[in-house]
Amino acid sequence: MSTTEPSIFTRIIEREIPASIVAENERLIAFNDIAPKAPVHILVVPKTPEYANVAELAAGNPALLAELVSFAQTIADEHGGEFRLVFNTGEKAGQTIFHVHAHILIGNLGEDPRADFQ
Ligand code: 5GP
């Protein structure tokens with residue numbers, strides 16, 4: 001994320017651009033991914049823009065990371081309770097938005113992604 005320009009997620013939090021919001025509290029927001037990779041694909045995003053990825057969040061505010069995981073579980077409970085939680089961390093790992101976020105993926109996930117490793 002640039003230090004001067006707000007991320008897309010900050011613009012969603014500020015209601016500058018629309019999103020299908022599924023849950024929100026003072027510190028976190030969850031909304032449907034615009035390009036879903038599973039039947040349920042929800043992003044959970046801390047409202048603070050200060051952490052670019054999950055490692056920074058873990059180091060800087062572990063309580064907020066724990067709350068994010070619990071928040072994700074509560075959302076997943078509405079869809080049967082079992083879910084994959086993904087944090088792409090770094091460009092080569094597929095991260096495109098450098099405002100920390102978790103992907104909740106539920107349903108029709110196919111193989112465990114670890115199976116790709118040879
Ligand atoms: P990343 O690639 O950084 O792990 O995940 C970014 C995610 O944000 C992608 O899955 C992408 O589809 C989603 N995304 C990008 N722009 C928007 C947007 O404007 N609205 C919503 N709801 N999701 C977005």
Side-chain angles (χ1 to χ4, degrees):
M1 189 185 92
S2 143
T3 51
T4 50
E5 294 214 347
S7 72
I8 288 171
F9 295 158
T10 292
R11 297 185 65 205
I12 288 173
I13 291 160
E14 300 294 336
R15 304 319 200 250
E16 289 173 14
I17 57 176
S20 170
I21 295 168
V22 299
E24 184 172 21
N25 69 17
E26 282 176 26
R27 292 164 298 284
L28 297 163
I29 190 167
F31 48 87
N32 289 309
D33 197 290
I34 204 167
K37 303 285 193 298
V40 176
H41 186 171
I42 294 168
L43 302 173
V44 184
V45 185
K47 290 187 173 177
T48 175
E50 68 187 299
Y51 307 110
N53 60 52
V54 67
E56 288 188 13
L57 177 61
N61 192 340
L64 183 56
L65 175 57
E67 185 181 4
L68 184 155
V69 174
S70 162
F71 200 75
Q73 178 70 71
T74 301
I75 292 167
D77 285 344
E78 292 166 22
H79 303 276
E82 299 190 347
F83 61 111
R84 187 173 290 166
L85 193 64
V86 173
F87 292 90
N88 294 327
T89 306
E91 220 168 313
K92 290 178 187 159
Q95 187 175 4
T96 57
I97 298 179
F98 294 86
H99 176 153
V100 61
H101 54 282
H103 298 252
I104 300 173
L105 298 160
I106 300 174
N108 196 26
L109 292 175
E111 277 193 12
D112 186 316
R114 292 171 298 179
D116 291 342
F117 183 73
Q118 302 280 333

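Every heavy atom of this structure was used, including side-chain atoms; hydrogens, water molecules and symmetry mates were not. Whatever order the structure lists ligands and atoms in, that order sets their numbers, starting from 1.
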With a 4.0 Å cut-off on heavy atoms, is [X] in contact with ligand 1?
{"X": "Lys37", "result": "no"}
{"X": "Val86", "result": "no"}
{"X": "Ala19", "result": "no"}

- [ ] Give a yes or no on this: more than 12 heavy atoms of other residues, nucleotides or ligands lie within 6.0 Å of atom CD of Glu16.
- [x] yes
Counting from 1, what ligand 1 atoms have a heavy atom of [X] closer than 4.0 Å?
{"X": "Ala35", "result": "12 (O)"}
{"X": "Phe31", "result": "22 (N)"}
{"X": "His103", "result": "1 (P), 4 (O), 5 (O), 7 (C), 10 (O)"}
{"X": "Ile12", "result": "20 (N)"}

Task: Verdict with reasoning, Gln73 to Phe83, per side-chain contact (heavy atoms from CB on, under 4.5 Å) - done: CA-CA 8 Å; Gln73 178 70 71; Phe83 61 111; 3.4 Å; yes
Check each heavy atom of [X] against ligand 1 and say whether those closer than 4.0 Å belong to the side chain, the backbone, both or neither.
{"X": "Phe9", "value": "side chain"}
{"X": "Ile34", "value": "both"}
{"X": "Thr96", "value": "both"}

- [ ] Anything under 30° is parallel, anything over 60° is perpendicular, the rest tilted; go ahead and classify Phe9 against His99.
- [x] perpendicular
Any idea which protein heavy atom is nearest [atom], and the distance to it?
{"atom": "atom 15 (C) of ligand 1", "answer": "Ile97 CD1, 3.7 Å"}
{"atom": "atom 22 (N) of ligand 1", "answer": "Asn32 O, 2.9 Å"}
{"atom": "atom 5 (O) of ligand 1", "answer": "His101 NE2, 3.0 Å"}
{"atom": "atom 10 (O) of ligand 1", "answer": "Asp33 OD2, 2.5 Å"}
{"atom": "atom 16 (N) of ligand 1", "answer": "Ile8 CD1, 4.0 Å"}

Task: Non-hydrogen atoms of Asp33 and Pro36 that approach each other most closely - done: O-CD, 3.6 Å
Task: Ile29 versus Lys47, closest heavy-atom pair with distance - done: CB-CE, 4.2 Å
To the nearest 0.5 Å, how far apart are [atom1] in [X] and [atom2] in [Y]?
{"X": "Thr74", "Y": "Glu67", "atom1": "OG1", "atom2": "CD", "value": "10.0 Å"}
{"X": "Ile8", "Y": "Thr96", "atom1": "CD1", "atom2": "OG1", "value": "7.5 Å"}
{"X": "Glu82", "Y": "Ile106", "atom1": "CD", "atom2": "CD1", "value": "9.5 Å"}

Open item on the list: Can you confirm, on distance only, whether ligand 1 has an N/O atom lying under 3.5 Å from any N/O atom belonging to His41?
Closed with: no
TODO: Give the C-alpha distance, both sets of side-chain angles, the deciding distance and a yes or no for side-chain contact (heavy atoms from CB on, under 4.5 Å) between Leu64 and Thr48.
DONE: CA-CA 10 Å; Leu64 183 56; Thr48 175; 4.0 Å; yes
Open item on the list: Whether the Glu50 and Asn61 side chains hold a donor-acceptor pair (N or O, under 3.5 Å, no angle test) is what I'd like checked.
Closed with: no
